[in-house]
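Beneath this line is the structure, given in structure tokens, with notes to follow.
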Amino acid sequence: MRYLSENYLSESRDHTGQVAHLSLHYPESFNWAYDVVDDIATAEPDRPAMVWCNPEGEEHRFSYGDMKYWSDKCANFLVAQGVRKGDAVLVVLRRHYQFWICALALHKIGALLVPATFMLREHDLEYRLVAAGIKAVVCTDAGSIADVCDTVAPNCPDLKIKILVASGGAGLAVSQPDFDPDFHHALSGPEHVCELTTEREGWVDFNSGVRAASDFWGRITTSVHEPMIMYFSSGTSGNPKMVLHDYTYALAHTVTAKLWHNVVGDNGLHFTIADTGWGKAVWGKFYGQWTMESCVLTYDFDRFNADDILSLIDHYGVTTLCCPPTMYRLMMQTDFKKHRLTSLMYCTTAGEALNPDLYDFWKENTGLTIYEGFGQTETPLTVANLNGSHPKPGSMGKIVPLYDIRVLRDDGTECEDGETGEICIRYDPDHRPEGIMIGYYRNPEKTAEAIHDGWYHTGDTAWRDEDDYLWYVGRNDDVIKSSGYRIGPTEIESVLLQHDAVRECAVTGVPDPVRGKAVKATIVLQEGFEGTDELTRELQDYVKRETAPYKYPRIVDYVDELPKTVNGKIRRVAIRKRDEEAAHMEHPEHDKRDGLV
């Protein structure tokens with residue numbers, strides 16, 4: 001191991017051992033695919049890069065040399081199909097290993113990688129294809145997303161190339177009556193990479209095309225400040241914004257992997273549970289981990305099963321783990337002690353606030369602390385409990401010293417300790433902080449709303465304590481303004497989750513003619529509990545005892561499940577939208593809330 005990351009990231013620590021200063025170094029011509037992945041492949045071709053498996057039983061182990069070989073072939077294949085430098089390519093590949101091969105190839109070409117989720121419907125996909133000027137789609141044959149693409153393609157004039165990837169199962173095949181485990185096991189191993197083919201009218205087969213392509217690829221000149229990757233980031237209203245990043249984004253995630261995930265290069269196996277359609281995948285399964293010369297585990301499943309995940313940790317010897325609090329909580333509700341987890345050395349979480357009861361459970365049952373972190377689609381890791389720190393349960397941690405971050409009032413002045421304000425990042429357009437977005441693609445108005453007066457305004461609110469730890473309150477849109485109070489949903493959710501009856505919950509605001517907004521709790525109950533008026537009163541009184549009484553939920557809605565992303569993150573926006581639609585219907589029979597004022 002050559003400690004390649006030290007060529008790009010410098011750090012210093014204070015007398016307590018905590019990270020005090022960080023800086024990134026790179027040449028103008030830096031391209032992560034060439035200068036990190038290919039560099040490792042040339043020096044140590046057999047170094048493990050990824051262990052990939054699926055519920056069907058297929059398994060592949062890729063070295064850095066393998067990744068260079070297959071991405072070079074893929075780059076030649078894509079160019080032969082007409083993909084050129086600067087072209088936008090939508091990639092919808094679930095957790096297929098072909099995502100990593102394709103992403104590297106697009107970086108080498110200098111094309112724009114645009115990951116997307118397989119959950120898109122017609123309106124969602126058509127908007128993305130048209131708004132981003134997508135020239136090519138690389139899509140899985142699993143599920144219905146190829147059907148969706150064919151439906152909207154005639155309305156997308158920039159779309160010229162459609163490439164289909166044989167999924168090999170993706171966790172969908174195991175439930176089919178004709179499932180043949182022997183067939184899927186036979187696909188395992190290095191000689192069977194990209195072997196499975198697929199056919200669909202109007203589409204080019206990815207696997208056969210890549211296998212047939214040349215493995216010689218000459219470097220294309222790119223600039224570190226050219227667009228590299230773009231994500232769609234949904235707000236509470238309107239169409240999603242297109243978040244554009246350059247090649248510094250990949251390097252900035254060295255901090256994510258080295259100082260937060262705490263990955264190691266030799267004998268380390270990192271597992272971030274995330275679908276490639278979301279930014280968390282490249283946070284935890286790609287850029288930083290490979291800059292650290294480490295190996296990642298990828299499980300190409302369809303539906304999350306906590307027992308399966310815990311068994312994988314045991315089976316493959318996972319050393320570092322990152323997933324949302326919701327997934328940790330589902331693990332907590334299994335027969336947890338039957339899993340040994342002896343290989344696990346470090347755990348992290350992001351996406352939602354980490355509740356103290358979950359923090360305590362994990363510590364008691366594994367001996368490990370869960371280190372929380374914070375970032376956005378627009379940023380890499382910006383606030384975190386970095387390694388060497390001493391987390392306060394429920395706090396996001398401290399500011400990552402790669403950035404100048406303040407908690408600001410609406411007038412731009414800095415908040416006092418304990419005062420809620422917006423998390424803002426110092427942003428000089430002439431010397432843009434590494435890893436922070438270039439802007440919202442083709443949307444100067446939204447860019448100007450977010451970046452102005454020398455700051456990037458994240459839209460997330462928090463407060464700082466006397467020890468400089470930040471405590472998340474919520475999105476500006478999530479903060480509930482009720483009777484003159486600003487109420488963050490996270491604190492109420494944390495309290496409710498400590499009650500024996502509550503399995504999961506989400507707190508939102510609903511219109512109220514007197515208060516402006518009333519606090520509503522949408523709750524999934526533990527088995528054995530019923531959503532009665534008596535339980536509602538009990539939960540309301542419980543919140544009143546545990547936090548300021550004005551924060552208690554005046555409306556309680558019991559549901560079978562909460563809306564979530566494929567990564568397990570609860571979507572409060574979907575709950576608000578549902579409530580708004582119900583209010584517009586103005587029919588009492590549609591209001592099923594067990595609310596007590």
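Here, residue 1 is the first one in the sequence, and each next residue gets the next number.
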Notebook entry, point to check: For Asp141 and Thr198, what are the C-alpha separation, side-chain angles and deciding distance, and is it a side chain to side chain donor-acceptor pair (under 3.5 Å)?
Noted result: CA-CA 8 Å; Asp141 70 353; Thr198 187; 3.2 Å; yes
Note to self: Between Ser188 and Glu58, does the side chain to side chain donor-acceptor pair (under 3.5 Å) criterion hold? Intermediate values first, please.
What the structure shows: CA-CA 5 Å; Ser188 299; Glu58 184 180 354; 6.0 Å; no
Next item on the list: List the steps, then state whether ring-ring contact (aromatic ring centres under 6.0 Å, His included) holds for Tyr127 with His123.
Entry: CA-CA 6 Å; Tyr127 167 73; His123 170 78; 7.0 Å; no
Item checked: Evaluation steps, side-chain contact (heavy atoms from CB on, under 4.5 Å), between Tyr249 and Glu434 -> CA-CA 6 Å; Tyr249 179 70; Glu434 289 103 341; over 6 Å; no
Next item on the list: List the steps, then state whether side-chain contact (heavy atoms from CB on, under 4.5 Å) holds for Phe336 with Leu310.
Entry: CA-CA 8 Å; Phe336 192 82; Leu310 290 168; 4.1 Å; yes
Note to self: Would Asp46 and Ser63 count as a side chain to side chain donor-acceptor pair (under 3.5 Å) here? Give the steps.
What the structure shows: CA-CA 5 Å; Asp46 295 328; Ser63 67; 5.0 Å; no
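Ion pairing of Lys162 with Asp150 is present here, as a side-chain N (NZ or NE/NH1/NH2) and a carboxylate O approach within less than 4.0 Å. Salt-bridge annotation for Arg503 and Glu561: absent, with no side-chain N of the basic residue lying under 4.0 Å from a carboxylate O of the acidic one. Here Arg200 pairs with Asp147 in a salt bridge; the nearest charged N to carboxylate O distance falls below 4.0 Å. Ion pairing between a basic and an acidic side chain is recognised when a charged N comes within 4.0 Å of a carboxylate O; Lys135 and Asp87 show such pairing. Ion pairing between Lys280 and Asp275 fails under the 4.0 Å rule for side-chain N and carboxylate O.
How far OG1 of Thr379 is from NE2 of His245: 7.0 Å, rounded to the nearest 0.5 Å. Going from atom OG of Ser71 over to atom CG of Asp38 covers 5.5 Å, rounded to the nearest 0.5 Å. One finds the CG atom of Leu297 at 8.5 Å from the CD1 atom of Ile313 (value rounded to the nearest 0.5 Å). Atom OG1 of Thr254 is separated from atom CD of Gln289 by 9.5 Å, given to the nearest 0.5 angstrom. With rounding to the nearest 0.5 Å, the separation of CZ in Arg2 from OG in Ser5 is 11.0 Å. With rounding to the nearest 0.5 angstrom, the CE atom of Met331 is 9.0 Å from the CG atom of Leu341.
Under the 3.5 Å distance criterion, with hydrogens and angles disregarded, no donor-acceptor pair is assigned to the side chains of Tyr64 and Glu293. Side-chain contact annotation: Thr197 with Asp205, donor-acceptor N/O pair under 3.5 Å absent. Checked by atom type, the side-chain pair Asp460/Gln376 shows a donor-acceptor distance below 3.5 Å. Side-chain atoms of Ser167 and His96 include no donor-acceptor pair closer than 3.5 Å. Of the N and O atoms on the side chains of Asn54 and Glu59, not one donor lies less than 3.5 Å from an acceptor on the other residue.
Shown here for Trp260 and Thr349, the closest heavy-atom pair between the two residues is CZ2-O, 3.1 Å. In terms of heavy-atom proximity, Arg442 sits nearest to Gly133 at NH1-N, 3.6 Å. Residues Gly82 and Ile161 come closest through the heavy atom pair C-CD1, 3.9 Å. When all heavy atoms are compared, the tightest approach of Val174 to Pro55 is CG1-O, 3.6 Å.
Residue Glu199 places its CD atom among 12 or fewer non-hydrogen atoms of other residues, nucleotides or ligands, all under 6.0 Å distant. Shown here is Asp560, whose CG atom has no more than 12 heavy atoms of other residues, nucleotides or ligands within 6.0 Å. Remark: Asn267 CG is loosely packed, at most 12 non-hydrogen atoms of other residues, nucleotides or ligands lying under 6.0 Å away. The environment of CE in Met1 is crowded: more than 12 heavy-atom neighbours from other residues, nucleotides or ligands sit within 6.0 Å.
Residues forming a salt bridge (charged side-chain N to carboxylate O under 4.0 Å, His left out) with Asp66 (at least two apart in sequence, or on another chain): none. For the ring pair (Phe, Tyr, Trp, His ring centres under 6.0 Å) test, no residue two or more places apart in sequence or in another chain qualifies with Tyr441. Taking Lys68 as the reference, Asp72 meet the salt bridge (charged side-chain N to carboxylate O under 4.0 Å, His left out) condition, with sequence neighbours excluded. Remark: Ser311 pairs with His339 by the side-chain contact (heavy atoms from CB on, under 4.5 Å) rule, at least two apart or across chains. Remark: Glu44 engages Arg47 in a salt bridge (charged side-chain N to carboxylate O under 4.0 Å, His left out) (not counting sequence neighbours). Residues forming a ring pair (Phe, Tyr, Trp, His ring centres under 6.0 Å) with Tyr328 (at least two apart in sequence, or on another chain): Trp362. Remark: Lys73 pairs with no residue by the salt bridge (charged side-chain N to carboxylate O under 4.0 Å, His left out) rule, at least two apart or across chains. Partners of Arg572 according to the side-chain hydrogen bond (donor to acceptor under 3.5 Å, both in side chains) rule, which considers only residues two or more places apart in sequence or in another chain, are Asp478, Glu493. By the side-chain hydrogen bond (donor to acceptor under 3.5 Å, both in side chains) test, Thr291 pairs with Trp32, sequence neighbours left out.
Within the 6.0 Å centre-distance limit, the rings of Tyr8 and Phe30 are counted as a close aromatic pair.
Between Phe62 and His60, the angle of the ring planes lies from 30° to 60°, which puts this pair in the tilted group.
A cation-pi arrangement, defined by a distance under 6.0 Å to the six-membered ring centre and an angle within 45 degrees of its axis, is absent between Arg94 and Phe99. Under the 6.0 Å distance and 45° angle rule, Lys446 does not count as a cation-pi partner of Tyr440.
Pairs passing the ring pair (Phe, Tyr, Trp, His ring centres under 6.0 Å) check and including a residue from residues 183-202, sequence neighbours excluded, read Phe179-His184. The ring pair (Phe, Tyr, Trp, His ring centres under 6.0 Å) contacts involving residues 128-164 comprise nothing, where partners must be two or more places apart or lie in separate chains. Residue pairs meeting the ring pair (Phe, Tyr, Trp, His ring centres under 6.0 Å) criterion with at least one member in residues 194-225, sequence neighbours excluded, are Phe77-Phe206.
If you run side chain to side chain donor-acceptor pair (under 3.5 Å) between His270 and each of Thr320, Asn262, Thr319, only Thr320 comes through. Partner of Ile134 under the side chain to side chain contact (heavy atoms under 4.5 Å, CB included) criterion, chosen from Leu125, Val89, Val114: Val114.
Annotation: side chain of Tyr287 is not in contact with side chain of Val36 (no heavy-atom distance under 4.5 Å). The closest side-chain heavy-atom distance from Leu4 to Asp39 is below 4.5 Å.
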